[in-house]
Amino acid sequence: MNKKPDLLEVLRAYGVEVESRGGRGNALCPFHDEKNPSFSVDPNTGLWFCFHDHIGGDVYDFVGAMKFGLDNWDSRNKIMFKEVVTILEEKNYKQQKISPQRKEDKKKELSQNVLYLLGHVTEIYHQNLLLEEEKAMSYLKGRGMTEEFIRKHKIGCANGNLNVMLSILPNEVRRELAVEAGLIYINAGDGRRWEFMKGRVTFPDIDRDGRVLSIIGRSLDPGQNPKYLTLNGLPKVIWRMNSYNQSQPLVVHESIMDACTALLMGVPSCSPCGTGIARHLVEELKKRKNLTFLSQDDEPSKRALERWKEKIPHGRMIIGSYDGHKDLNEMAVKEGWDVAKTRLYELLE
């Protein structure tokens, strides 16, 4: 067990007010403008994570990101790290005992049992949507998703029944593995289990071999935050990137609904589900020979594309323009799919 400056005290010093619930806490993220909190804090481990930017770390990463910028901070840079240590030492923050976490190989986590579990859960969520969840189905169809598309991509809905449904699995792939993968969360205070994706539309990330590598949850209601949830126990993914070979042209959208819309229009597309892209995914995108970044028509999305372009210089950057609409999907729903499809192809040309 080692000691680090107390994360909550440091956050307060930087003006980040954390609302605690069951040990964990949420706050408005200091790295981007938002009205609803996407910044998650775990005081017990001394770790934070932004579900909007898909970036997190410990107290040193937070101060480093505040000092040098979220995209510039690199904990491996000795000069940067030394300056952050100096900042924290000068402030003389209260020290917090941290239990060291084992860093495991991410590839090892995708064992056959995990892949089997993700495939099984994907089918549970998919059947929930097809047979029971009228609200979720209405939402998707209201965004222009056809039933054929929903079935093809195994889109589903988490309705809180996962604990019960997992009880029929063999012991070795039952609830313990679901907790490790991040599908089930155990409240540190009272030990209760709850379904991490509950109340969300689910999008499984399926590779070219038909394996489910992760599951992304998208909020149904405007007040449900963060907008996207990913499984913390598994490596981050870019939705549908692994379904294409590296030489195939690919368009990257911030929004998963824009990616779905473009797919329905015949354009190979993927989405990191937000403006942030994890470092290991940046390396994967660099291997793609024909890459295009297409923004929504708002400033955060445009700034995100500039960051993507800096990290992946060979990617083509296109600023989206949708006749007063925020994004491609909104234009399709309100102006008609033929109009939006014409605009999409004009932008890509």
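Computed from heavy atoms alone, side chains included, the values below leave out hydrogens, waters and symmetry copies. Residue indices begin at 1 and follow the sequence shown.
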Can you pull out every salt bridge (charged side-chain N to carboxylate O under 4.0 Å, His left out) where at least one residue sits in residues 239-249? Sequence neighbours excluded, please.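 Matches after skipping sequence neighbours: none remain.
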
Sole residue of Asp327, Asp323, Asp297 in salt bridge (charged side-chain N to carboxylate O under 4.0 Å, His left out) with Arg343: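 It is Asp323; the other options fail the test.
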
Set of residues satisfying side-chain hydrogen bond (donor to acceptor under 3.5 Å, both in side chains) with respect to [X], sequence neighbours excluded:
X      : result
Lys135 : Asp221
Ser214 : none
Arg12  : none
Glu147 : Arg151

All side chain to side chain contact (heavy atoms under 4.5 Å, CB included) counterparts of [X], not counting sequence neighbours:
X      : value
Glu283 : Lys286
Pro30  : Val16, Phe39, Phe62, Met66
Lys309 : Met317
Lys152 : none

Could you go through the side chain to side chain contact (heavy atoms under 4.5 Å, CB included) check for Gln95 and Asp6 one step at a time? CA-CA 5 Å; Gln95 295 294 299; Asp6 185 85; over 6 Å; no

Over 12 non-hydrogen atoms of neighbours within 6.0 angstrom of [atom1] in [X]:
X      : atom1 : value
Ile79  : CD1   : no
Glu346 : CD    : yes
Lys198 : NZ    : no
Lys91  : NZ    : no

Who pairs with [X] by ring-ring contact (aromatic ring centres under 6.0 Å, His included), at least two apart in sequence or on another chain?
X      : result
Tyr60  : Phe81
Tyr345 : none
Phe68  : none

Residue pair Asn159, Glu132: steps toward the side chain to side chain contact (heavy atoms under 4.5 Å, CB included) verdict: CA-CA 9 Å; Asn159 65 2; Glu132 300 178 19; 3.3 Å; yes

Kindly assign one of parallel, tilted or perpendicular to the pair His120 and Tyr116, based on the angle between their ring planes and the thresholds 30° and 60°.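 Plane angle under 30°, so parallel.
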
Take Ile216 and Val237 through the side chain to side chain contact (heavy atoms under 4.5 Å, CB included) test and state the conclusion after the steps. CA-CA 9 Å; Ile216 296 152; Val237 297; 4.1 Å; yes

Please check if [X] and [Y] belong to a single hydrophobic cluster, counting links between Ile, Leu, Val, Met, Phe, Trp and Tyr side chain heavy atoms closer than 4.5 Å.
X      : Y      : result
Tyr244 : Leu285 : yes
Ile318 : Leu344 : yes
Tyr14  : Met80  : yes
Leu328 : Val333 : no

Do NZ/NE/NH1/NH2 and the carboxylate oxygens of Arg303 and Glu306 come within less than 4.0 Å?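 No.
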
How many angstroms lie between atom CG of Leu229 and atom OG of Ser40, to the nearest 0.5 angstrom?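 Answer for the CG-OG pair, Leu229 versus Ser40, is 9.5 Å.
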
CG-CE distance between Leu213 and Met241, expressed to the nearest 0.5 angstrom: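 Output value for this atom pair is 9.5 Å.
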
Using modelled atom types and a 3.5 Å cut-off, is there a donor and acceptor pairing between side-chain atoms of Ser301 and backbone atoms of Gln296?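 Pair found, side chain donor or acceptor close to backbone of Gln296.
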
Can you list the steps and then say if Ser271 with His253 is a side-chain hydrogen bond (donor to acceptor under 3.5 Å, both in side chains)? CA-CA 5 Å; Ser271 173; His253 306 260; over 6 Å; no

